[in-house]
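Scope of the values below: all heavy atoms of this structure, side chains included, with no hydrogens, waters or symmetry mates. Keep in mind that this is a model prediction, so the values were computed, not measured. Just so you know, residue 1 is the first one in the sequence shown, and it goes up from there.
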Amino acid sequence: MPRLSEVIAALENLWPAERAESWDAVGTVVGDPDQEVTRVLFAVDPVREIVDEAVKLGADLLVTHHPLYLRGTTTVAASTFKGRVVHTLIKNDIALHVAHTNADTADPGVSDALAGALDLRVVRPLVPDPTDPEGRRGLGRICELDHPVTVRELAARAAERLPATAQGIRVAGDPEALVRSVAVSGGSGDSLFDQVRAAGVDAFLTSDLRHHPASEAVLRSPLALLDAAHWATEWPWCELAATQLDEISDRHGWDLRVHVSKTVTDPWTAHAASAHPSPATTLLTSASRPPSSSNSPGAPN
């Protein structure tokens, strides 16, 4: 069985910490480099539900996309909910490793996984990484469809293919407009409108779109906006990352058991439609599909 230090070295090769944004908090949060690793769990959020799942699963390593302490801390007391996470991990000999913005810009990365979930063909990064001579790394992806679809059809595809959430998919723009090209960015994306407009795409699928940036975006151009839940746009990366670690395990003969959490940690739990929507309003909610399981054997139910 590999030691934690060996597995972390492999993960750092996939998502080097130096490629994370300066404000980010990535890397190993807890864990003994000499401990053996036999079972790994991937998830989006390092919250108590996920840690409890890792304990129940018997995982030795939890890999999450979101950091536990993004803004730092002065305490890991168990009286705080994040401190309780740390205590539970250490008591159960579970390491925690985070790949956040370094996974966003990786090749393949978070937005590649999002595009793959929607059967979109990736053309290039939306915001290329200037340090990548091949032009494959960067934030977001510009994609093409095999054949044009309407905004309504693309939204329905996103609702069907992404994990179900209370929010579903919100749409801004003409639902019947044709989409031939689309920009995608897993996680919060309304800081990228300038790059999206410059790309000349027909639609932009991301999450956490705010009122004023979204309003200004659709007033300035015919660009359609598809706003999914933050967690849902990043969850497909967990399956991608698990597959990558599976391949590494096979090459090294590690025989790791790699799992993807299907626990929904999106904070929104319910959605109430407006009582009298206007005729132009279309309610697009997620299908009842749970996140699909990892290709790895023994993925949790």
In short, V26 meets A20 closest at the heavy-atom pair CG2-CB, 3.8 Å
With no hydrogens and no angle check, is any side-chain donor or acceptor of N102 less than 3.5 Å from a backbone partner on R19? no
Could you walk me through whether H230 and V44 pass the side chain to side chain contact (heavy atoms under 4.5 Å, CB included) test, one step at a time? CA-CA 10 Å; H230 188 122; V44 174; 5.8 Å; no
Sub-4.5 Å side-chain heavy-atom contact between V264 and P163: no
For L126, the other hydrophobic cluster members (4.5 Å side-chain criterion, sorted by chain and number) are V127, L139, I142, L192, F193, V196, V201, F204, L209, V218, L223, L225
Answer yes or no: is there a side-chain heavy-atom contact under 4.5 Å between L118 and V182? no
Contacts of A9 that satisfy side-chain contact (heavy atoms from CB on, under 4.5 Å) - sequence neighbours left out: none
Do any pairs count as a salt bridge (charged side-chain N to carboxylate O under 4.0 Å, His left out) and have a residue in residues 191-210, sequence neighbours left out, and if so which ones? D190-R210, D194-R197
Starting at OG1 of T74, measure out to OH of Y69 and round the result to the nearest 0.5 Å. 9.5 Å
Would you sort out whether D52 and K56 count as a salt bridge (charged side-chain N to carboxylate O under 4.0 Å, His left out), showing the intermediate values? CA-CA 6 Å; D52 288 346; K56 184 177 180 180; over 6 Å; no
Check the surroundings of atom CD in E18: do more than 12 heavy atoms from other residues, nucleotides or ligands lie under 6.0 Å from it? yes
Between H66 and E234, does any side-chain donor sit less than 3.5 Å from a side-chain acceptor? yes
Residue pair H65 / D104, side-chain heavy-atom distance below 4.5 Å: yes
Under the rule for side-chain contact (heavy atoms from CB on, under 4.5 Å), what residues qualify as partners of T150, not counting sequence neighbours? R152, E153, E176, L178
Full working for side-chain hydrogen bond (donor to acceptor under 3.5 Å, both in side chains) between T105 and D129: CA-CA 8 Å; T105 58; D129 181 346; 5.2 Å; no
Go through the structure and list residues passing side-chain hydrogen bond (donor to acceptor under 3.5 Å, both in side chains) with D132, not counting sequence neighbours. none
Which heavy atom in P108 sits nearest to a heavy atom in D112, and how many Å separate them? CA-OD2, 3.3 Å
Is it true that V123 and L154 fall in one hydrophobic cluster, defined by side-chain heavy atoms closer than 4.5 Å? no
Could you measure the distance from the CG atom of L62 to the CZ atom of R39? Nearest 0.5 Å is fine. 14.0 Å
Give the intermediate values and the outcome of side-chain hydrogen bond (donor to acceptor under 3.5 Å, both in side chains) for residues S261 and E53. CA-CA 8 Å; S261 174; E53 181 178 337; 2.8 Å; yes
Does some side-chain heavy atom of D227 sit less than 4.5 Å from a side-chain heavy atom of Q167? yes
Would you say the side chain of L226 lies within less than 4.5 Å of the side chain of V179, judging by non-hydrogen atoms? no
Show the nearest heavy-atom pair for residues V37 and L256, with the distance to one decimal. O-CD2, 3.3 Å
Cluster partners of W23, using ILVMFWY side-chain heavy atoms under 4.5 angstrom, listed by chain and number? L70
Going by the rule side-chain contact (heavy atoms from CB on, under 4.5 Å), which residues pair with A115 if we only count those two or more places apart in sequence or in a different chain? L120, V122, C143, V184
State whether the side chain of E6 and the backbone N or O of R3 hold a donor-acceptor pair below 3.5 Å, judged by distance alone. yes
Which residue pairs pass the ring pair (Phe, Tyr, Trp, His ring centres under 6.0 Å) test when at least one of the two sits in residues 105-136, sequence neighbours left out? none
Would you please name every residue forming a side-chain hydrogen bond (donor to acceptor under 3.5 Å, both in side chains) with E144, sequence neighbours left out? R121
So ring pair (Phe, Tyr, Trp, His ring centres under 6.0 Å) across residues 115-160, not counting sequence neighbours, yields none
Of all heavy-atom pairs between A224 and V151, which one has the smallest distance, and what is that distance? CB-CG2, 3.6 Å
Would you say that D60 contacts E36 through its side chain, given a criterion of any heavy-atom pair below 4.5 Å between the two side chains? no
Can you name the closest pair of heavy atoms from I94 and A59 and give their distance? CG1-O, 3.2 Å
Pairs meeting criterion side-chain hydrogen bond (donor to acceptor under 3.5 Å, both in side chains) with involvement of residues 79-98, two or more places apart: T28-H97
Can you tell if the side chain of V63 reaches within under 4.5 Å of the side chain of L245, non-hydrogen atoms only? no
Roughly how far, to the nearest 0.5 Å, is CG of D146 from CG of D119? 7.5 Å
Quick check: are there more than 12 heavy atoms from other residues, nucleotides or ligands sitting under 6.0 Å from CG of N13? no
Is the backbone of T206 close enough, under 3.5 Å, to the side chain of T233 for a donor and an acceptor to pair up by distance? no
Please tell me whether D266 and T165 have a donor and an acceptor in their side chains that are separated by less than 3.5 angstrom. no
F42 versus Q244: any side-chain heavy-atom pair under 4.5 Å? no
Are any side-chain N or O atoms of S207 and backbone N or O atoms of G187, one a donor and one an acceptor, separated by less than 3.5 Å? yes
Please work out which of the three classes, parallel, tilted or perpendicular, describes the rings of W231 and W235, given edges at 30° and 60°. tilted
Could you grab the distance from atom CG of L114 to atom CZ of R141, nearest 0.5 Å is fine? 10.5 Å
Looking at residues at least two apart in the chain, or sitting in another chain, which of them share a side-chain contact (heavy atoms from CB on, under 4.5 Å) with A113? P236, W237, L240
One should read off an interatomic distance between L89 CG and L96 CG, to the nearest 0.5 angstrom, of 5.5 Å
Looking at every heavy atom in both S181 and L145, which two are closest together, and how far apart are they? N-CD1, 4.1 Å
